[in-house]
Protein chains: 2
Amino acid sequence: MRRPARRPTMKDIARRAGVSESAVSFALNDRPGVSPATRERVRRVAEQLGWQPSTAARALSGEGAATVGLVLARPARTLGVESFFLRLVSGVQEVLAERRLGLLFQVVEDVAAECEVYRRWWAEHRVDGLLVVDPRHDDPRPGLLDSLGLPAVIIGGLEPALSDGAVEYPAISQLRTDDAGAMASIVDHLFQLGHRRIVHIAGLPELAHTQRRTHSLRAAANARGLTEVRSVSTDYSDTEGAAATRAVLAGERPPTAIVYDNDVMAVAGLAVAAERGLAVPGDLAIVAWDDSVLCRSTHPGLTALVRDTSAFGRRAATALLALLDGGSAVHVLDERPRLTPRGSTVRDAR
Amino acid sequence: MRRPARRPTMKDIARRAGVSESAVSFALNDRPGVSPATRERVRRVAEQLGWQPSTAARALSGEGAATVGLVLARPARTLGVESFFLRLVSGVQEVLAERRLGLLFQVVEDVAAECEVYRRWWAEHRVDGLLVVDPRHDDPRPGLLDSLGLPAVIIGGLEPALSDGAVEYPAISQLRTDDAGAMASIVDHLFQLGHRRIVHIAGLPELAHTQRRTHSLRAAANARGLTEVRSVSTDYSDTEGAAATRAVLAGERPPTAIVYDNDVMAVAGLAVAAERGLAVPGDLAIVAWDDSVLCRSTHPGLTALVRDTSAFGRRAATALLALLDGGSAVHVLDERPRLTPRGSTVRDAR
DNA sequence: ACTCCATGCTAAAGCGCATTAGTTCATGAC
DNA sequence: GTCATGAACTAATGCGCTTTAGCATGGAGT
């Protein structure tokens, strides 16, 4: 039974380099107070010993925890259906890794539990900042985080209208998605293909982006004089997606096109169409909001709104770093996702 | 601009309760040395102040970091295709949350980078233990973690044959999946349906479970005297899954049944069948290893190997907690996944 | 009566680092 | 030759917690 190696500390470096601990600290943190020669020597010894700063000790002496947090509040049932998050996280990490920041991750059931986690992390000194996803109307989280003094980036930010009226927090940035533009491009596409009856099978109604999309759909429809256009909300699950699809298709004057708020429901919708003997895109056109492997794997392929989720994650992380560096809060609009037509709306596409 | 609240410390509690800091520590950690009355009083004050221990300070005084790590080494391209991980993580968290342990999460490109992360986390004092996924043949990770003295649970552990011959590490548990049993149940199912030519479209060949499945398939085929059975490896992506499917279907004596190592490739395979005009399950039967929304959303539904991934995560986390509590390493075989027949193998199923 | 020993508590040290306040020593100004 | 100056470095303190050692107090044992 081997005894595990002891972690080297600055004291070890100091001894080996024949200087004081403070000199080591200065040398390694690019602070003035040591000669270039000493700095170099200390650096070499540190390297040689494989020294890494203890985040615990750093955090304790006021340097922050070198960690950002991300909490996912989704009921267990609708979890794991979206590949969105893993891609988002992988983008986030690319940026965080450069600064050696860790990502503390947690999955909880609801927003109340999420707030509890934030409080705990704050009290435990665990994180320096947060990435907040799934912003919602009357969201308690920005206010809470502000009162705790924790910087944060709201991913897929709040409606400017909402946040203009509300308080602006000095350390909370918003990275908004261009839902209005995206929805307009979808309606455009479907309109040009001749569709006049469109149903939007949306996600959770309390989420801010669901509301934005619903509003945008109505606006786009009004602009074109379309009256038979509406949104139906679900919980993002395949089950509710399929049920909603059956419901609208069974109604009188069923839609000729359906826009789904995620890939999973779109695939479920495609299966419902097959089950009812409807030809896609002949009898029913399908559009998925957010592309993924799924949309490319079905037959026909699903027309989808493609965005570079990984880049989105990178931008979010970058915005958070700016805040951590003392920058002031910003409010940015992310680039508009591109609509990629495939076989579920256009006959000759694959 | 409001000044954020200061975190309460044990000193604050001590002052308010009129005792020394040490008494507070004893009281809050259920250590002997304080009277029940004092203990209760201290507890009340702590509660009232909303005190939470600073993990940084705790970690520094030798209590561990109250955090476990999980690194996902997947090339960016194949990332985000599997819902498996999010479900696994959600199960893991349920168990960790009870003990207020955090989960430090990182996505990297390959195993070498993963090892780097382990070294860094170790030196930085960031984690107390690790969950290791995607074990592979000649895996460098168990040895590394052992030498660093970091407890770990290998999720989907190594072959007993392999690890028997190799060194057994005192603080590394293995949670094995019953790939052999599962593969046998699949072959059983297909054999009874009359299939004699079966192809297994596997995942990354270097992964231990890919090898186990491949071996098990051969064994199961031999046991039944089947000669036209083989495995093909891929990178788990829909692209390679589809390509492999096209390749085997184009060969002479094409299979009548294909077993896919994940849900994404199975769906891609289904699309290829549709594209070639093959009836499923009439001309081609399809089985997916690991169920997900996907398998239920296609038409026909995909026969899949169902396991409770969240429970699997819970078991893994529990095993890690046992190690952190000083328990000795164990080697457990997880329960066998159940094969759920659906329309892709059985005609009258949905 | 005395020691002996729990009991309930306080004082102090230490974890690894950053930081502030010295200390030493050469250099340059005058 | 003296004195101020700044560079290069050391000593000491604190972050919030755990832990060990120490210190009274009071009751049991002989």
Side-chain angles (χ1 to χ4, degrees), chain A residues 5-43 45-46 49-67 100 120-128, chain B residues 5-43 45-46 49-67 100 120-128:
Chain A
R6 198 174 64 81
R7 297 167 173 82
T9 73
M10 288 197 352
K11 190 181 284 179
D12 300 323
I13 301 178
R15 194 165 24 220
R16 292 266 287 246
V19 292
S20 71
E21 280 186 66
S22 352
V24 174
S25 177
F26 294 149
L28 296 174
N29 293 313
D30 281 325
R31 292 239 176 308
V34 284
S35 66
T38 309
R39 191 183 299 277
E40 188 47 39
R41 185 158 40 96
V42 168
R43 282 226 182 97
V45 174
L49 257 48
W51 177 87
Q52 299 280 90
S54 149
T55 48
R58 277 231 162 117
L60 201 52
S61 41
E63 283 296 273
T67 307
R100 329 197 108 208
R120 197 152 54 78
W121 281 355
W122 168 77
E124 291 180 349
H125 240 114
R126 266 183 185 274
V127 296
D128 300 327
Chain B
R6 198 176 64 81
R7 296 167 174 82
T9 73
M10 288 196 354
K11 191 182 282 178
D12 300 324
I13 301 177
R15 195 167 21 222
R16 290 268 288 249
V19 293
S20 71
E21 280 186 64
S22 351
V24 173
S25 177
F26 294 148
L28 296 174
N29 293 313
D30 282 327
R31 292 237 178 307
V34 285
S35 67
T38 310
R39 191 182 299 277
E40 187 48 40
R41 185 157 41 95
V42 168
R43 283 226 181 97
V45 174
L49 258 47
W51 177 86
Q52 299 280 90
S54 149
T55 49
R58 276 232 164 119
L60 201 52
S61 39
E63 283 295 274
T67 308
R100 329 198 107 208
R120 198 152 53 78
W121 281 354
W122 169 78
E124 291 180 349
H125 239 118
R126 266 184 185 275
V127 296
D128 301 327

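Reminder, nothing fancy here: chain letters follow the sequence lines and each chain counts from 1. Quick note: numbers below take in every heavy atom, side chains included, and nothing from hydrogens, waters or symmetry partners. No experiment lies behind these values; they were computed from the predicted model shown.
- Residue contacts shown for Met10(A) are limited to sugar-phosphate atoms, with no base heavy atom under 4.0 Å away.
- Looking at residues two or more places apart in sequence or on another chain, you find a side-chain contact (heavy atoms from CB on, under 4.5 Å) between Glu21(A) and Lys11(A), Ala14(A).
- With hydrogens and angles left out, the side-chain atoms of Ser35(B) and Thr38(B) include a donor and acceptor closer than 3.5 Å.
- Closest approach of Asp128(B) and Ala65(B) over heavy atoms only: OD1-N, 2.5 Å.
- For the atom pair CZ (Arg58(B)) and NE2 (His125(A)), the distance works out to 14.5 Å, reported to the nearest 0.5 Å.
- Using a 3.5 Å distance cut-off with no hydrogens or angles, the side chains of Arg126(B) and Thr67(A) do pair a donor with an acceptor.
- Judged by distance alone, with hydrogens and angles left aside, the side-chain atoms of Arg31(B) form no donor-acceptor pair with the main-chain N or O of Ser25(B) at under 3.5 Å.
- The shortest side-chain heavy-atom distance between Leu28(A) and Ile13(A) falls under the 4.5 Å cut-off.
- Note that OG of Ser20(A) is 13.5 Å distant from CZ of Arg15(A), once rounded to the nearest 0.5 Å.
- At a threshold of 4.5 Å between non-hydrogen side-chain atoms, the residues Thr9(A) and Arg6(A) count as touching.
- In this structure, the side chain of Thr55(B) engages the main chain of Glu124(A) through a donor-acceptor pair within 3.5 Å.
- Once rounded to the nearest 0.5 Å, the distance linking CG of Leu49(A) with CZ of Arg16(A) reads 5.0 Å.
- Bracketed by its first and final contacts, the part of DNA chain C lying under 4.0 Å from non-hydrogen atoms of chain B reaches from dG8(C) to dG16(C) in 5' to 3' order.
- Distance check, rounded to the nearest 0.5 Å: CZ of Arg100(B) to CH2 of Trp121(A) gives 13.0 Å.
- For the pair Leu60(B) and Ala57(A), the tightest heavy-atom approach, listed with the atom from each and the gap, is CD1-CB, 3.7 Å.
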Begin from the C-alpha positions of Arg7(A) and Asp12(A) and carry the test salt bridge (Lys or Arg N to Asp or Glu O under 4.0 Å) through to its verdict.
-> CA-CA 10 Å; Arg7(A) 297 167 173 82; Asp12(A) 300 323; over 6 Å; no

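- Applying a 4.0 Å cut-off to non-hydrogen atoms, the residues of residues 19-27 of chain B that approach DNA chain C are Val19(B), Ser20(B), Ser22(B), Ala23(B), Phe26(B), listed by residue number.
- Scanning DNA chain D 5' to 3' for nucleotides with an atom closer than 4.0 angstrom to a non-hydrogen atom of chain B gives a first and last hit of dG16(D) to dT20(D).
- Of the residues in residues 49-58 of chain A, not one places a heavy atom less than 4.0 Å from an atom of DNA chain D.
- Between its two ends, the helix from dT3(C)-dA28(D) to dC30(C)-dG1(D) turns its axis by 60°, counting five pairs per end and rounding to 10 degrees.
- In this structure, Val19(A) and Arg41(A) approach most closely via the heavy-atom pair CG1-NH2, 4.2 Å.
- Between His125(B) and Glu63(A), the one whose closest nucleotide on DNA chain C sits nearer the 5' end is His125(B).
- Using a 4.0 Å heavy-atom distance criterion, Gly33(A) is classed as a base contact.
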